[in-house]
Asks: 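Take this structure, written in structure tokens, and hold onto it; I'll ask about it next.
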Amino acid sequence: MTQADDERAIKDVLLRWCRAIDRLDLPAVRALFHADATDDHVFYSGGVEGLIIALANRHRRIPFSCHQIGNCLIEYSGPTIALVETYAKVTQHVRQHEGATVVQSSWCRYIDRFEQRNGPWRIAHRLLVIDAAVESTLCSPEVFGILPANQGRRDLFDPIYSARSALGLGNDPGLA
């Protein structure tokens, strides 16, 4: 494998993170990490199985989530270990306890230790760093007349999964 192949594989993991967390596909999230990986994620710090539980609990109040990644710098400390800093913009609609929903946007960075162990590159440790955040009121998609077939979903009935199935890509959106 060349360094360009390694970089594509690492960036693929980052893109799959965005899809998996935004569709709340927790098995796909799990597949992006090594089994013994750790995560320091602002609201959680610990192993991957605990992260999955923490994400499931936190995202019960989040009917919309959008992760967008930008700058990505990959620095190798050896042939199978890389430090990866990725900038991200995260926008989520969060239901408050009073019943209202707010829009939370944050600009953050993932500082990931990637390792390639007997196969694909996966995350061995993640540190989520929040650089800035803002909260505002929500304008509902119904205001714009968006048809239900064109609305994103946070489950396995999101249009991406039927599109994958139609092309024979199967139901496993995790690492290939």
Asks: Please verify the inter-ring angle class for F33 with W17; under 30° counts as parallel, over 60° as perpendicular, anything in between as tilted.
Replies: perpendicular
Asks: Are W107 and V102 in one and the same hydrophobic cluster, where Ile, Leu, Val, Met, Phe, Trp and Tyr link if side-chain heavy atoms are under 4.5 Å apart?
Replies: no
Asks: If I take atom CG from residue L127 and atom OH from residue Y110, how far apart are they, to the nearest 0.5 angstrom?
Replies: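 The OH atom of Y110 is 11.5 Å from CG of L127, to the nearest 0.5 Å.
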Asks: Quick check: is L15 connected to I74 through a chain of hydrophobic side chains (ILVMFWY, heavy atoms under 4.5 Å apart)?
Replies: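 In one cluster with I74: L15, yes.
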Asks: Would you check if V103 and T137 make a side-chain contact, meaning some heavy-atom pair closer than 4.5 Å?
Replies: no
Asks: Any side-chain heavy-atom pair from R154 and I62 closer than 4.5 angstrom?
Replies: yes
Asks: Between D22 and H67, is there a donor-acceptor pair closer than 3.5 Å when you use the side chain of the first and the backbone of the second?
Replies: yes
Asks: Would you say R19 and I160 make side-chain contact, with heavy atoms under 4.5 Å?
Replies: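 Of all side-chain heavy-atom pairs linking I160 with R19, at least one is under 4.5 Å.
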Asks: Please tell me whether V90 and F64 are part of a single hydrophobic cluster in this structure, the criterion being side-chain heavy atoms less than 4.5 Å apart.
Replies: no
Asks: Find the distance between CD (E75) and CD1 (I81) and round it off to the nearest 0.5 Å.
Replies: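 Those atoms lie 14.0 Å apart.
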Asks: Would a 4.5 Å heavy-atom cut-off, applied to side chains only, mark R122 and F114 as touching?
Replies: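 Side-chain contact under 4.5 Å: no.
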Asks: So do the side chains of D5 and R8 get within less than 4.5 Å of each other, counting heavy atoms only?
Replies: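 A side-chain contact under 4.5 Å exists here.
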Asks: With the side chain counted from C-beta on, respond yes when L14 and C72 share a heavy-atom pair under 4.5 Å apart, and no when they do not.
Replies: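 Contact flag for L14/C72 side chains = yes.
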Asks: Given the rule in the salt bridge (charged side-chain N to carboxylate O under 4.0 Å, His left out) test, do R23 and D155 qualify, once you have shown the distances and angles that lead to the verdict?
Replies: CA-CA 5 Å; R23 301 289 62 84; D155 57 27; over 6 Å; no
Asks: Given side chains that start at C-beta, do those of W121 and D6 come closer than 4.5 Å, heavy atoms only?
Replies: yes
Asks: Throw together a table of side-chain donor-acceptor distances under 3.5 angstrom for residues 37-56, partners on residues two or more places apart or in other chains.
Replies:
from	atom 1	to	atom 2	distance (Å)
T38	OG1	H125	ND1	2.6
D39	OD1	H41	N	3.2
D39	OD1	H41	ND1	3.0
D39	OD2	H41	ND1	3.4
D40	OD1	S45	OG	2.2
D40	OD2	H125	NE2	3.3
Y44	OH	G47	N	2.9
Y44	OH	G47	O	2.7
Y44	OH	L51	N	3.4
E49	OE1	R30	NE	3.3
E49	OE1	R30	NH2	3.0
E49	OE2	R30	NE	2.8

Asks: Looking only at the side chains, is there a donor atom on one of D25 and Y161 sitting less than 3.5 Å from an acceptor on the other?
Replies: yes
Asks: Please examine the side chains of T101 and H93, heavy atoms only from C-beta on, and report whether any two atoms are closer than 4.5 Å.
Replies: yes
Asks: Output the distance between atom CG (D158) and atom CZ (R153), rounded to the nearest 0.5 Å.
Replies: 8.0 Å
Asks: Indicate, with yes or no, if L24 and I69 share a hydrophobic cluster defined by side-chain heavy-atom contacts under 4.5 Å among Ile, Leu, Val, Met, Phe, Trp and Tyr.
Replies: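 In one cluster: yes.
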Asks: Are S65 and Q92 linked by a side-chain donor-acceptor pair shorter than 3.5 Å?
Replies: yes
